[in-house]
Amino acid sequence: MPPATGPKSGDALFASVDRVNAELFTLTYGAIVRQLLTDLEEVEEVNKQLDQMGYNIGTRLVDEFLAKSNVSRCVDFKETADVIAKLGFKMFLGVTATVTNWDAEGTSCSFVLEDNPLVDFVELPDTCQGLQYCNVLSGVIRGALEMVSMKTEVTWVRDMLRGDDAYEMRVKLTKQVPEEYPYKDDD
């Protein structure tokens, strides 16, 4: 019998994932945002599209994360948030987040990123001040959590592109969806 392995550390996960050049990734994402701004013209529509793109990515990334991380089922939203902050962000972006500002019920928290590889080389023009440039990340979190039966709302609270001191996402658990198992007839 093979030895039981526990969850991998964030650094071990980051080392085990195939990566692309960080600058290529950053510039490609910037080109996507720019093209959306050109095509959709309305900043709010671009924000919605980035969130939807992130949601679609998150629903798929969660499978890779669970397969490679050896993380067992989290017992509650607090543990889930901690795993995302320390392992998920490290595995896919090479950074870790801090989980802060928990509400009394343990259903709402903030992810604070000191570093965000999506924003290297980015300056928002005055015409795009309403743009949530990193909205793809909020969609990824929302999509990934939905795949593990947690409906959430994710909003940006602070953004260094707007002069804040960090990037802060507020994540609120709106509904814990009970898992449904396919009906199995024992006959």
Side-chain angles (χ1 to χ4, degrees), residues 6-14 17 29 44 46-120 122 124 130-180:
K8 294 181 179 178
S9 72
D11 290 328
L13 283 172
F14 185 65
V17 176
Y29 180 72
E44 194 52 45
V46 173
N47 290 339
K48 288 178 187 174
Q49 188 66 34
L50 289 171
D51 180 72
Q52 186 60 44
M53 288 169 55
Y55 175 85
N56 293 339
I57 293 167
T59 60
R60 288 163 180 79
L61 279 185
V62 71
D63 289 331
E64 183 176 354
F65 174 77
L66 292 172
K68 291 184 178 180
S69 68
N70 295 331
V71 173
S72 61
R73 184 170 186 75
C74 296
V75 295
D76 59 12
F77 185 60
K78 283 187 174 187
E79 184 180 352
T80 303
D82 198 48
V83 167
I84 291 168
K86 291 185 175 46
L87 300 178
F89 278 107
K90 185 68 173 182
M91 180 175 175
F92 293 110
L93 290 177
V95 299
T96 55
T98 306
V99 183
T100 62
N101 300 328
W102 282 101
D103 67 354
E105 297 83 32
T107 59
S108 184
C109 67
S110 291
F111 290 129
V112 178
L113 295 162
E114 300 294 327
D115 187 30
N116 184 345
L118 289 180
V119 299
D120 292 344
V122 175
L124 291 181
L131 179 66
Q132 298 290 329
Y133 186 82
C134 299
N135 224 27
V136 73
L137 293 179
S138 58
V140 167
I141 299 295
R142 193 171 56 84
L145 287 173
E146 193 167 309
M147 291 298 103
V148 293
S149 305
M150 294 181 184
K151 294 247 185 215
T152 56
E153 293 173 2
V154 184
T155 54
W156 286 96
V157 178
R158 293 187 291 165
D159 188 338
M160 291 176 77
L161 292 175
R162 291 190 169 72
D164 296 320
D165 59 341
Y167 297 94
E168 180 179 348
M169 258 187 289
R170 188 82 185 149
V171 182
K172 179 180 181 184
L173 178 66
T174 58
K175 183 178 180 184
Q176 182 85 38
V177 181
E179 285 193 42
E180 295 180 16

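Numbers here simply count residues along the sequence, with the first being 1.
Separation of atoms CG (Leu145) and SG (Cys74) is listed at 9.5 Å; rounding is to 0.5 Å. Going from atom CG of Leu161 over to atom CH2 of Trp156 covers 9.5 Å, rounded to the nearest 0.5 Å. The SG atom of Cys109 sits 9.5 Å away from atom CE of Met169, with the distance rounded to the nearest 0.5 Å. Leu93 contributes atom CG, which lies 8.0 Å from atom CG of Leu113 (distance to the nearest 0.5 angstrom). Atom CG of residue Leu131 and atom CD of residue Glu44 lie 9.5 Å apart, to the nearest 0.5 angstrom.
Side chain of Asn135 to main chain of Leu50: no donor-acceptor pair is present (N/O by atom type, distance under 3.5 Å, no hydrogens or angles). No donor-acceptor pair closer than 3.5 Å links the side chain of Arg162 to the backbone N or O of Arg158. Arg142 places no side-chain N or O within donor-acceptor distance of the main-chain N or O of Gly54, the cut-off being under 3.5 Å.
For the pairing with Asn116, the side-chain contact (heavy atoms from CB on, under 4.5 Å) check across Val95, Val122, Leu137 returns one residue only, Leu137. Each of Ile141, Val140, Asp51 was compared with Val154 under the side-chain contact (heavy atoms from CB on, under 4.5 Å) criterion, and only Ile141 meets it.
Between Phe89 and Phe111, the ring planes are perpendicular. Angles over 60° get that label, and only those under 30° would be called parallel.
Heavy-atom minimum distance, Glu114 versus Asp165: OE1-O, 4.4 Å. Closest of all the heavy-atom pairs between Tyr133 and Tyr29 is O-OH, 2.5 Å.
Using modelled atom types, one finds no donor on one side chain facing an acceptor on the other under 3.5 Å when comparing Thr174 with Glu153.
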